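Written below as structure tokens is the structure these notes are about.
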Amino acid sequence: MAHGTRKMNSLKKNILIKAPLEKIWAILADVTHMPDWVDGVKDSERTGEIKEGKGLRWRESCVLDRQHIEAEQEMNVWEPMKRAVIQSRLPMNGSMIRTHYFQERPEGVEVAVEVSWDLGIAGMLLGEQKVRNILEQSFENTLANWKDLAEKPGLRTRDSESV
């Protein structure tokens with residue numbers, strides 16, 4: 001059975017965040033604080049020498065539908081304030097690609113996230129529809145958390161020392 005023939009599943013979500021683009025980007029760029037806003041992420045630590053940008057690598061410890069998952073992440077595309085692509089290696093031959101697009105609008109910043117995944121053996125065991133439902137809810141929660149964090153006054157970013 002050729003596993004290259006399995007199709008990737010995907011979904012796309014958009015959200016309008018009423019905060020400066022620099023602040024929204026800084027939240028995404030600081031991978032050590034992913035547990036503060038990414039649904040299910042319990043721990044995140046850099047694993048490579050690169051501290052920011054393309055080639056940045058980190059490990060996440062996550063809980064998804066009561067299942068503990070260790071994931072290796074890498075920033076494959078880094079176009080500051082425009083686009084970032086994160087590639088995830090998941091257990092049991094799984095993978096996920098998250099592409100983040102940023103567009104300034106008069107009323108705020110539109111953030112679009114496209115996610116495609118193949119959970120490999122885990123996806124087959126759980127069932128693709130169940131996985132889609134879990135991921136859809138998780139990404140909605142994550143975007144809402146990102147919006148709340150970015151719109152909160154006084155968030156510390158690389159460029160400011162406010163609290």
Side-chain angles (χ1 to χ4, degrees), residues 9-47 50-54 56-90 94-117 119 126 129-163:
N9 293 285
S10 64
L11 61 91
K12 183 176 180 175
K13 300 243 175 238
N14 293 47
I15 193 164
L16 184 72
I17 301 177
K18 295 176 182 171
L21 177 55
E22 294 77 16
K23 185 175 182 182
I24 298 165
W25 183 265
I27 293 168
L28 177 66
D30 188 356
V31 300
T32 61
H33 283 99
M34 295 266 177
D36 296 346
W37 63 280
V38 177
D39 188 53
V41 174
K42 301 302 176 201
D43 186 44
S44 180
E45 66 178 340
R46 277 197 315 269
T47 56
I50 296 171
K51 295 197 181 333
E52 184 176 287
K54 186 175 165 110
L56 170 66
R57 292 173 185 230
W58 70 100
R59 180 197 56 75
E60 288 177 356
S61 181
C62 311
V63 174
L64 189 64
D65 193 41
R66 297 186 303 274
Q67 297 297 313
H68 180 252
I69 299 167
E70 293 288 326
E72 296 293 326
Q73 318 286 356
E74 183 173 354
M75 193 71 70
N76 284 347
V77 174
W78 181 264
E79 297 172 14
M81 315 299 158
K82 291 185 177 79
R83 184 171 71 118
V85 179
I86 300 168
Q87 170 80 46
S88 305
R89 282 194 336 265
L90 306 170
S95 66
M96 180 179 287
I97 298 170
R98 291 169 300 202
T99 304
H100 304 77
Y101 299 95
F102 302 83
Q103 181 70 50
E104 288 187 276
R105 305 266 186 237
E107 63 277 10
V109 177
E110 183 181 353
V111 178
V113 181
E114 293 179 7
V115 183
S116 59
W117 70 90
L119 296 188
L126 285 170
Q129 190 57 51
K130 181 177 181 183
V131 169
R132 171 176 284 285
N133 294 344
I134 292 167
L135 290 178
E136 194 153 345
Q137 186 61 56
S138 178
F139 278 99
E140 280 182 23
N141 295 345
T142 295
L143 288 177
N145 294 343
W146 194 359
K147 177 181 173 70
D148 290 348
L149 192 58
E151 291 179 353
K152 189 183 300 181
L155 174 73
R156 179 187 301 271
T157 66
R158 287 189 214 326
D159 301 326
S160 74
E161 289 303 313
S162 66
V163 176

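One-based numbering along the sequence shown. Here the structure is a predicted model, which is why all the values come from computation and not from measurement. Note that these values count all heavy atoms, side chains included, but never hydrogens, waters or copies made by symmetry.
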Tell me if a side-chain donor or acceptor on [X] pairs with a main-chain N or O of [Y] at a distance below 3.5 Å.
| X | Y | value |
| --- | --- | --- |
| S44 | V31 | yes |
| K42 | C62 | no |
| K18 | G108 | no |

(request) Could you please spell out the steps behind the side chain to side chain contact (heavy atoms under 4.5 Å, CB included) verdict for H33 and L149? (result) CA-CA 11 Å; H33 283 99; L149 192 58; over 6 Å; no
Shortest non-hydrogen separation from [X] to [Y] and the atoms involved:
| X | Y | value |
| --- | --- | --- |
| E22 | M81 | CA-SD, 3.9 Å |
| I17 | A150 | CG2-CB, 3.7 Å |
| Q73 | I86 | OE1-CG2, 3.8 Å |
| A71 | L90 | CB-CD2, 3.7 Å |
| A112 | K12 | CB-CE, 4.2 Å |
| P80 | W25 | CA-CZ2, 3.4 Å |

Atom [atom1] in [X], atom [atom2] in [Y]: separation rounded to 0.5 Å?
| X | Y | atom1 | atom2 | answer |
| --- | --- | --- | --- | --- |
| T47 | E60 | OG1 | CD | 10.5 Å |
| N76 | I97 | CG | CD1 | 7.5 Å |
| R59 | R46 | CZ | CZ | 13.0 Å |

(message) According to salt bridge (Lys or Arg N to Asp or Glu O under 4.0 Å), who are the partners of K82, at least two apart in sequence or on a separate chain?
(response)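 By the salt bridge (Lys or Arg N to Asp or Glu O under 4.0 Å) rule, K82 matches no residue at all.
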Heavy atoms, side chains only, cut-off 4.5 Å: are [X] and [Y] in contact?
| X | Y | result |
| --- | --- | --- |
| Q129 | N133 | yes |
| Q87 | S95 | yes |
| W58 | M75 | yes |
| V113 | I15 | no |
| W117 | R132 | yes |

Side chains of residues 138-148: which donor-acceptor pairs under 3.5 Å do they make with residues two or more places apart or in other chains?
unit_1 : atom_1 : unit_2 : atom_2 : d
S138   : OG     : D39    : OD2    : 3.1
E140   : OE2    : K13    : NZ     : 3.0
N141   : OD1    : Q137   : NE2    : 2.9
N141   : ND2    : Q137   : O      : 3.4
T142   : OG1    : D39    : N      : 2.9
T142   : OG1    : S138   : O      : 3.0
N145   : ND2    : W37    : O      : 3.0
N145   : ND2    : N141   : O      : 3.3
W146   : NE1    : I24    : O      : 3.3
K147   : NZ     : L16    : O      : 2.8
K147   : NZ     : E151   : OE2    : 2.9

(request) Take I134 and K130 through the test side chain to side chain contact (heavy atoms under 4.5 Å, CB included) and record every step on the way to the result. (result) CA-CA 6 Å; I134 292 167; K130 181 177 181 183; 3.8 Å; yes
(message) Per the salt bridge (Lys or Arg N to Asp or Glu O under 4.0 Å) rule, what does the pair list look like for residues 71-80, sequence neighbours excluded?
(response)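 Sorted pair list: R57-E74, E79-R83.
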(request) Could you go through the side chain to side chain contact (heavy atoms under 4.5 Å, CB included) check for H68 and S61 one step at a time? (result) CA-CA 7 Å; H68 180 252; S61 181; 2.8 Å; yes
